[in-house]
Each structure stands twice: as C-alpha cells, then as structure tokens.
Amino acid sequence: MRIIETPADWPADEAAALAVQDRLRARVILDEPGPPVGEGRVTGVDVAYDDERDIVAAAAVVLDAAGLDVVEEATAVGRVAFPYIPGLLAFREIPAVLAALSSLSGEPGLVVCDGYGVAHPRRFGLASHLGVLTGLPTLGVAKNPFVFSYDAPGPRRGDSAPLLAEDGEEVGRALRTRDGVKPVFVSAGHRVTLDAACAHTLHLARRFRIPESTRRADTLCRAALAAARAAAA
DNA sequence: GCGACAG
DNA sequence: ATCTTGTCGC
C-alpha cells in the first residue's frame with residue numbers, strides 16, 4: 001500500500017475548485033467510441049472516508065473484461081484533501097484515486113467511477129475530471145440522480161431513460177441493470193460515448209445492480225480504510 | 001433568501 | 001460517505 005500526499009497545487013477552497021473545473025472541462029473528449037465491450041481491461045475505483053481521523057482510502061481493481069476476474073489490485077491511504085461539496089466531489093476523491101491508479105503495474109484500460117461524468121452542473125463530474133487528468137477512457141455510474149430528472153425506464157434489465165439537465169440536454173441515462181430493481185445513473189466521462197458507457201455498464205452489472213468493478217473497489221477501499229484506522233490506533 | 005444536492 | 005442486527009428471499 002502506498003501513502004500519499006495531497007498534490008501541492010490542489011485547490012484550497014470552493015472558488016479555486018470552480019476555476020479548475022472551468023479550465024479543465026474544455027479538454028473532455030466525447031466523440032471517441034472508447035474500448036470495445038468485453039475486451040481488454042476495466043478498472044473500478046472507489047474511495048472510503050473517516051472524517052473523524054482525517055483518513056481517506058482509495059482502491060483500484062483491475063478486471064479482465066472478458067471474464068470479469070481480478071487481474072490486479074492497488075490501494076492508497078492519505079489525508080482528506082477536500083470537504084464534500086455537491087458538484088465538487090472530484091476534489092475530495094481524485095488525489096487518492098490517482099495514487100492508487102499510479103501504483104498499479106499494468107494498464108488500467110477503461111476506468112469506471114462511482115459517481116458522474118458529464119452529468120454534472122458544469123458538465124465536469126468526477127469521471128470526466130479523472131479522465132482528463134489521466135488521459136484514460138472513463139465513465140461514471142452513480143446510485144442517485146443528483147440534480148437531474150428522468151422518467152422511469154422500462155422494468156427490464158437493459159431498459160433505459162434519458163437523464164435530463166434543466167435545458168433538456170441528455171447528460172446521462174437511467175439504466176436498469178436488473179429486472180424490477182432501481183436503475184443506476186450512467187454518464188460518459190472521457191473518451192467514451194454515452195451509448196458505450198451504458199453497454200459497458202450492462203456488461204459489468206450482470207449479477208448485481210452495481211458494476212462488478214465498483215463493487216470490488218468498494219470492498220477493497222473499505223478494507224484499506226479499516227487497516228489504516230487500526231494502524232492509527 | 002433557503003434548501004437540495006454524486007460520495 | 002457514515003452510524004448499524006437481524007432478517008426476508010432468490
């Protein structure tokens with residue numbers, strides 16, 4: 001496990017973070033189809049926090065896209081870099097995620113984030129931000145619709161409905177990954193189209209509502225946090 | 001002006 | 001995100 005420091009130039013407050021989003025969002029690429037579904041590697045990333053002790057733990061779990069077996073895992077622990085502010089989640093999660101990704105020995109391939117990409121008030125959510133910083137293709141799968149509206153998709157796995165911004169733009173999709181179960185909210189991050197993001201999500205979420213990549217990363221970052229707590233005590 | 005609001 | 005046991009169901 002690698003111990004990280006928050007980047008020295010990381011925004012210190014809300015105004016600085018907003019300025020960074022304004023500067024970086026022009027670099028998001030949305031006209032590339034992205035990697036084919038079921039080939040190569042897919043990496044799930046997730047983060048867990050202990051704000052009491054000011055500890056953050058991130059995990060990156062690399063899967064073989066064909067069989068969804070784990071190829072490699074990495075974690076990183078550090079101090080919380082930013083408070084949780086809706087719309088600025090990336091500043092809280094990304095330093096630890098970058099550290100976990102950088103300690104992988106192999107290529108991550110497609111990165112699946114727990115949150116949004118372009119489905120964001122300023123079209124620059126966590127997944128897009130991570131994509132721009134790393135150059136990797138990314139997508140976001142969130143468990144809640146955030147500030148967007150949608151009509152209920154059909155009841156079957158694979159059914160979807162547009163996730164709409166206030167101006168009517170389709171910024172993502174409410175996608176049913178299991179029959180009769182609450183949909184997940186998918187959006188493109190970087191170098192992946194929305195259609196491709198949904199196809200990857202369906203491939204990764206065959207057995208459960210949440211993609212296998214995210215579930216694996218979630219379990220691993222919680223374990224890393226527990227270990228860091230024990231070490232701190 | 002106040003509240004809601006990914007994790 | 002996090003605080004948290006048992007329990008209903010495939």
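Naming: A, B, ... by sequence-line order, numbering from 1 per chain. Remember, predicted model here, so these are calculated numbers, not experimental data.
- Distance CZ/Arg176(A) to CZ/Arg157(A): 13.0 Å, rounded to 0.5 Å.
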>> Please convert DNA chain B into dot-bracket. A pair counts if it is Watson-Crick or G-U wobble with both distances under 3.5 Å; crossing pairs go in [ ] and bases paired with another strand get |.
In response: .......
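- Here Leu126(A) lies in heavy-atom contact (under 4.0 Å) with a base.
- Relative ring orientation between Phe146(A) and His120(A) is described as tilted, the plane-to-plane angle lying within the 30° to 60° band.
- The structure places CG of Leu18(A) at 5.0 Å from CZ of Arg122(A), a figure rounded to the nearest 0.5 Å.
- Residue Gly87(A) is classed as a base contact, given a heavy-atom separation below 4.0 Å to a base.
- A side chain to side chain donor-acceptor pair (under 3.5 Å) check over residues 146-156 of chain A, counting only residues at least two apart or in different chains, returns the pairs Arg156(A)-Asp179(A).
- Atom C1' of nucleotide dA6(B) and atom NZ of Lys182(A) are separated by 11 Å, given to the nearest angstrom.
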Write out a two-atom table: protein N or O, nucleotide N or O from nucleotides 1-9 of chain C, distance below 3.5 Å.
| residue | atom | partner | partner atom | Å |
| --- | --- | --- | --- | --- |
| dA1(C) | OP1 | Arg222(A) | NH2 | 3.2 |
| dA1(C) | OP2 | Lys143(A) | NZ | 3.3 |
| dT2(C) | OP2 | Arg222(A) | NH1 | 3.2 |

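- Ile94(A) comes within 4.0 angstrom of no nucleic acid atom, judged by non-hydrogen atoms across all strands.
- Protein atom CD of Glu166(A) is 14 Å distant from nucleotide atom P of dC5(B), rounded to whole Å.
- Crowding of Glu32(A) atom CD: a count of heavy atoms from other residues, nucleotides or ligands under 6.0 Å exceeding 12.
- Between Asn144(A) and dG7(B) there is a side-chain polar atom (N or O) within less than 4.0 angstrom of OP1 or OP2.
- Using cut-offs of 30° and 60° for the angle between ring planes, the Phe148(A) and Tyr116(A) rings count as perpendicular.
- To the nearest 0.5 Å, atom CG of residue Leu126(A) and atom CG of residue Leu89(A) are 5.5 Å apart.
- Rounding to whole angstrom units, CD of residue Gln21(A) and P of dA6(B) are separated by 15 Å.
- By the criterion of a centre-to-centre distance under 5.5 Å and near-parallel planes under 30°, the ring of Phe146(A) forms a stack with the base of dA6(B).
- In this structure, Leu110(A) CG and Leu204(A) CG are separated by 7.5 Å, a value rounded to the nearest 0.5 Å.
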